[in-house]
Amino acid sequence: MDKLRTGEITTHVQRLPAQPRPADGSEPPLVVFVHGLLTDSLASYYFTLGPAFAAQGIDVLMYDLRGHGRSDRPRQGYRLETFVGDLVALLDELGETRPAHVVGNSFGGTIATGLAAWHPERVATVTMIESEPPVAEWTRHMADGLADAKNQLRHEEVIRWISANHGAHTARLSRGASRILQTTTLAEDVPASKVIDDDLSAIGCPMLAVFGDESGLSAQVPGLRAKLPRCRTVVLADQGHSVLVERTAETRDLILDWVREHTPAVREHPLAEAVR
């Protein structure tokens with residue numbers, strides 16, 4: 001694990017090198033995992049997808065978003081374009097010139113699509129897991145959700161209800177989310193973010209979008225298919241928002257196949273069965 005200077009903040013980073021490296025000395029593909037908002041950190045990928053991808057001959061980069069995990073938590077500066085800028089600064093600091101396969105869960109998927117729209121040279125493909133592109137409607141969803149969370153999670157009785165109904169771990173995550181919301185301008189900044197046009201024409205790279213059928217986000221599927229000819233959508237049956245944690249194996253295999261498909265030099269690794 002490392003901490004690297006990325007613009008005005010220090011970012012906590014974990015890299016998992018491809019094992020083994022390509023025998024011909026070429027560079028393996030790079031997958032960047034971007035986590036979600038408030039209750040998340042790079043740990044969610046470390047315990048789900050990250051090691052399996054490295055074992056398949058892929059370089060893995062995971063990092064904590066500003067305000068999250070072990071990265072710095074400035075009081076201000078939480079618009080989407082700032083999160084995207086942090087990722088660009090991180091790639092620059094690491095000397096990365098490879099177009100990356102960027103995988104984002106929830107808000108992380110919005111960062112990934114923002115990167116693809118505003119820095120297309122940095123992106124080979126995007127995978128959104130239970131996420132939305134940064135269009136105007138997204139800002140309205142975020143404004144309502146963040147304002148409600150900021151108001152509700154500051155009450156101890158709400159935290160006790162979460163603990164009783166969803167467990168102590170979820171209650172701890174909710175306390176952490178409340179601290180972020182109460183000590184930063186995140187709830188106000190995210191809805192004021194820069195957006196892309198509703199036609200999604202700014203996204204030129206191939207996109208994989210994975211949803212649970214019980215999540216409202218799956219309603220995007222027809223629009224994504226109509227607007228993005230290079231978008232593949234997958235809707236998992238009997239599944240809500242927590243796709244990454246609850247359907248890890250399926251999600252892993254979908255994205256590994258996607259990366260292989262868009263990186264012709266990557267072939268099935270002999271250890272493939274060991275991680276399935």
Side-chain angles (χ1 to χ4, degrees), residues 28-36 40 44-45 48-50 52-54 56-62 84 87 98-135 138 196 199-237 239-269 272 275-276:
L30 171 67
V31 171
V32 179
F33 290 109
V34 190
H35 69 76
D40 211 353
S44 65
Y45 286 116
T48 55
L49 305 183
F53 276 67
Q56 293 296 303
I58 296 168
D59 279 342
V60 169
L61 172 61
M62 303 172 286
V84 171
L87 179 49
R98 289 171 288 179
H101 301 274
V102 188
V103 177
N105 183 43
S106 195
F107 181 69
T110 310
I111 295 173
T113 51
L115 181 70
W118 301 323
H119 301 274
E121 74 285 355
R122 309 307 292 254
V123 180
T125 68
V126 163
T127 297
M128 296 195 313
I129 305 169
E130 272 291 300
S131 184
E132 298 176 84
V135 295
W138 166 78
I196 64 175
D199 64 8
L200 305 183
S201 59
I203 303 172
C205 68
M207 176 187 288
L208 173 65
V210 183
F211 302 102
D213 69 339
E214 296 175 0
S215 165
L217 293 173
S218 62
Q220 298 175 85
V221 167
L224 290 173
R225 289 176 175 169
K227 296 172 184 177
L228 295 174
R230 302 175 76 190
C231 180
R232 180 178 302 160
T233 58
V234 178
V235 180
L236 301 176
Q239 180 59 50
H241 186 61
S242 299
V243 167
L244 180 62
V245 174
E246 295 175 2
R247 304 289 280 272
T248 300
E250 290 163 270
T251 304
R252 178 197 65 214
D253 291 346
L254 283 168
I255 303 172
L256 276 171
D257 288 345
W258 174 258
V259 171
R260 290 192 189 102
E261 179 182 338
H262 292 87
T263 312
V266 177
R267 298 290 181 258
E268 184 81 356
H269 191 279
V275 299
R276 294 190 173 179

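Fair warning: this is a prediction, and the values are worked out from it, not measured in the lab. Heavy atoms only: backbone and side chains are in, while hydrogens, waters and symmetry mates are out.
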Residues in side chain to side chain contact (heavy atoms under 4.5 Å, CB included) contact with [X], at least two apart in sequence or another chain:
X    : answer
T248 : T48, L49
T127 : V103, I129, L208, I255, W258
A116 : V123, V126, C205

Quick note, salt bridge (charged side-chain N to carboxylate O under 4.0 Å, His left out) partners involving residues 201-230, not counting sequence neighbours, are none
For residues 112-122, the salt bridge (charged side-chain N to carboxylate O under 4.0 Å, His left out) pairs (sequence neighbours left out) are D92-R122
Contact check, side chains of R98 and D59, non-hydrogen atoms, under 4.5 Å:
yes
*Taking the side chain as every heavy atom from C-beta outward, state whether V234 and E250 have any atom pair closer than 4.5 Å.*
no
- [ ] Measure from the side-chain N and O atoms of E246 to the backbone N and O of Q239, and report whether any donor-acceptor pair falls under 3.5 Å.
- [x] no
Problem - Side-chain (S215) to main-chain (G212) donor-acceptor, under 3.5 angstrom - result: no
Starting at [atom1] of [X], measure out to [atom2] of [Y] and round the result to the nearest 0.5 Å.
X    : Y    : atom1 : atom2 : result
L228 : L200 : CG    : CG    : 5.0 Å
I58  : L256 : CD1   : CG    : 5.5 Å
I203 : M128 : CD1   : CE    : 7.0 Å

Kindly give the heavy-atom pair with the smallest separation between [X] and [Y], and that separation in Å.
X    : Y    : value
S218 : P222 : O-CD, 4.5 Å
G50  : M62  : CA-SD, 4.4 Å
A52  : R252 : CB-CD, 3.7 Å
P206 : A124 : CD-O, 3.4 Å
D257 : R260 : OD1-NH1, 3.2 Å
V60  : F53  : CG2-CB, 3.7 Å

Given L61 and V31, is the side-chain contact (heavy atoms from CB on, under 4.5 Å) satisfied, shown in steps?
CA-CA 6 Å; L61 172 61; V31 171; over 6 Å; no
Could you tell me whether R232 and E261 have a side-chain N and a carboxylate O separated by less than 4.0 Å? yes
Residue set satisfying ring pair (Phe, Tyr, Trp, His ring centres under 6.0 Å) with Y45, at least two apart, ordered chain then number -> F33
Taken in chain and number order and not counting sequence neighbours, the residues that satisfy ring pair (Phe, Tyr, Trp, His ring centres under 6.0 Å) with H35 are H68
Going by the rule side-chain hydrogen bond (donor to acceptor under 3.5 Å, both in side chains), which residues pair with [X] if we only count those two or more places apart in sequence or in a different chain?
X    : answer
S242 : none
Q220 : none
S44  : D40

The complete set of side chain to side chain donor-acceptor pair (under 3.5 Å) pairs with one or both residues in residues 99-110, sequence neighbours excluded, reads H101-T125, H101-T263, S106-H241, T110-S131
